[in-house]
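Presented below is the structure to which this report refers.
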Amino acid sequence: MTTTPPLRRVTGMNDVLPEKIRVWQHVEASARELLAAYGYEEFRAPVVEHTELYQRSIGEFTDIVEKEMYSFVDQGGDRLTLRPEATAGMVRALITNGMLRGARHRLWCTGPMFRHEKNQEGRYRQFHQVDVEAFGFPGPDIDAELIALTARLWRVLGIDRVRLEINSLGTAESRRAYRERLLAYFRAHEASLDADSRRRLEGNALRILDSKNPEMRALIDAAPLLTEHLDAESAAHFAVLRTTLDDLGVPYLVNPRLVRGLDYYTRTVFEWTTDALGAQNAICAGGRYDGLIAQLGGEPTPAIGFGFGIERVVLLLERLGKAPAAAVPDLYVVIQGARAEREALPLAERLRDALPGRRIVVNLGGGNFKAQFRRADRSGAALALILGDDELARGVAALKPLRQESGQSECALADLPAGIEAALTAAGG
Ligand code: ATP
Ligand code: MG
């Protein structure tokens with residue numbers, strides 16, 4: 001007999017198992033609720049776009065475009081890419097749908113992103129983001145609002161041990177001047193550059209600054225600072241952002257080395273990091289991209305956004321002991337006898353009508369009394385409802401708390417919803 005080897009999952013693309021989903025849903029629901037409270041609307045864009053969109057927005061000399069994209073040619077000959085980030089697709093969608101024209105939008109989206117990176121804890125090839133974008137606001141008021149929103153999200157989730165770093169990258173023009181200075185600096189040290197950096201030298205010297213190679217660290221630390229070459233308007237924008245954050249009571253650190261790994265950023269950039277996740281310490285990052293929309297063929301529109309990684313926030317909640325407990329049933333229905341078997345499902349439906357929101361699991365697939373109680377116990381349910389032929393004949397059913405020593409009681413079938421509520425309250429639920 002030949003056996004087929006089991007199929008493997010794709011490296012870096014993970015299954016989210018039911019035992020973990022509660023934490024994911026907690027993060028997603030908290031974000032969804034908060035975003036609604038700030039007036040942000042959900043937007044759903046495809047996970048596949050033309051490859052050219054990412055080449056033109058993220059930039060040719062970035063890690064993402066150089067080596068991380070999942071790109072393919074489809075049956076019709078189109079060159080497509082699984083989205084490595086959400087902003088470019090969102091901008092494309094706004095242009096396609098004619099939504100700009102001077103309008104303002106506060107939008108967000110969530111879903112999978114794809115990057116062919118080295119697979120390790122906190123760094124995956126399919127990962128998930130909540131991505132928030134504001135279009136048509138020149139800032140810096142909206143910059144501060146977005147940052148305050150992230151700070152509130154950490155508070156709501158009970159996350160401490162996070163730190164906010166901010167910087168200003170200036171305008172495209174001021175950056176061009178800075179790039180020339182950087183180019184001169186790195187050219188003077190060309191012998192110390194690694195292969196990646198040497199390639200980026202002529203292409204985009206700024207990209208050398210986000211090299212993750214530790215051997216490049218000292219050279220990068222000694223490079224000229226962008227903050228010293230900021231244009232007057234960007235400097236004023238940044239100063240107002242800082243005082244607004246002070247007024248809001250959001251602590252931050254100005255990090256003049258923060259450049260971010262995508263080309264489209266202008267002025268404000270920010271990043272939240274934690275010391276509780278090891279090397280994958282960035283949980284949320286974003287910035288302003290005032291030039292991107294025009295660069296992609298839309299009406300010039302200022303914009304700013306950020307994304308946070310759901311996997312990393314989930315990991316962080318677990319590390320900090322702030323992950324919510326798994327959901328358990330409220331009631332497990334144990335069945336004994338032929339009549340009880342017939343009446344169990346209709347009764348459970350009536351209970352679901354009367355007790356919306358209560359989690360009710362019926363023992364299906366049979367099993368003797370002992371086996372059913374074992375399942376009830378393992379389900380984590382607070383309460384068992386015992387439906388037996390003898391009791392049904394008398395118009396009653398039995399209720400038994402499963403997490404306490406208190407004994408079994410009987411309840412008239414007609415009074416079951418109230419009886420269950422009372423028993424659950426007594427059991428602490
Ligand atoms: P890093 O510096 O860790 O590579 P990044 O700057 O590439 O992060 P962004 O493109 O800014 O990340 O994406 C925003 C957020 O998405 C990050 O702060 C992080 O939480 C998450 N993220 C990015 N890449 C991954 C990945 N490969 N796996 C899991 N989460 C990720
Ligand atoms: Mg990265």
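Residue numbers count from 1 along this sequence. Whatever order the structure lists ligands and atoms in, that order sets their numbers, starting from 1.
Ligand 1 does not have Glu311 within reach: every non-hydrogen atom of the residue lies 4.0 Å or more from it. Close to ligand 1: Gly122, with a non-hydrogen atom less than 4.0 angstrom away. Proximity of Lys212 to ligand 1 is established by a heavy-atom distance of less than 4.0 Å. In this structure, Glu85 does not count as a contact residue of ligand 1, since none of its heavy atoms falls inside 4.0 Å of the ligand. By the 4.0 Å heavy-atom criterion, Arg115 is counted among the residues contacting ligand 1.
For the residue pair Asp377 / Tyr332, no side-chain donor-acceptor distance below 3.5 Å is found, with atom types taken as modelled.
Taking Tyr40 as the reference, Glu145 meet the side chain to side chain donor-acceptor pair (under 3.5 Å) condition, with sequence neighbours excluded.
Ring geometry for Tyr185 against His189 counts as tilted: the plane angle lies between 30° and 60°, on a 0 to 90° scale. In this pair, His128 and Trp24 present their aromatic rings perpendicular. The plane angle is above 60°, beyond the 30 to 60° band.
For ligand 1, the polar-atom distance check finds no N/O of Glu271 at less than 3.5 Å from any of the ligand's N/O atoms. Residue-to-ligand polar distances place Ala282 within reach of ligand 1: an N/O pair is separated by less than 3.5 Å. At under 3.5 Å, a nitrogen or oxygen of Glu117, whether backbone or side chain, sits near a nitrogen or oxygen of ligand 1. Geometrically, ligand 1 and Ile283 share a nitrogen or oxygen pair separated by less than 3.5 Å. At a 3.5 angstrom cut-off on N or O pairs, Gly309 counts as close to ligand 1.
Here Glu173 does not pair with Arg175 in a salt bridge; the nearest charged N to carboxylate O distance is not below 4.0 Å. Under a 4.0 Å N-O distance rule, the pair Glu190/Arg187 does not qualify as a salt bridge.
Comparing Phe306, Phe127, Trp272 against atom 22 (N) of ligand 1, the shortest heavy-atom distance belongs to Phe127. Closest heavy-atom approach to atom 3 (O) of ligand 1 within the set His116, Arg312, Gln120, Glu121: this belongs to Arg312.
When side chains are defined from C-beta on, Asn213 does not count as touching Asp196, because their heavy atoms never get closer than 4.5 Å. Leu206 has its side chain out of reach of Leu169: every pair of non-hydrogen atoms, C-beta onward, lies at least 4.5 Å apart. Using a 4.5 Å heavy-atom cutoff, the side chains of Leu230 and Ser168 are in contact.
Distances below 4.0 Å separate heavy atoms of Gln129 from the following atoms of ligand 1: 13 (O), 14 (C), 15 (C), 16 (O). In summary, the atoms of ligand 1 found under 4.0 Å from a heavy atom of Gly307, numbered by their order in the structure, are 14 (C), 15 (C). Close approach of ligand 1 to Ala285 is summarised as follows: ligand atoms under 4.0 Å from at least one heavy atom of the residue are 11 (O).
Seen from the ring of Phe127, Arg115 does not count as a face-on cation partner, given the 6.0 Å and 45° thresholds.
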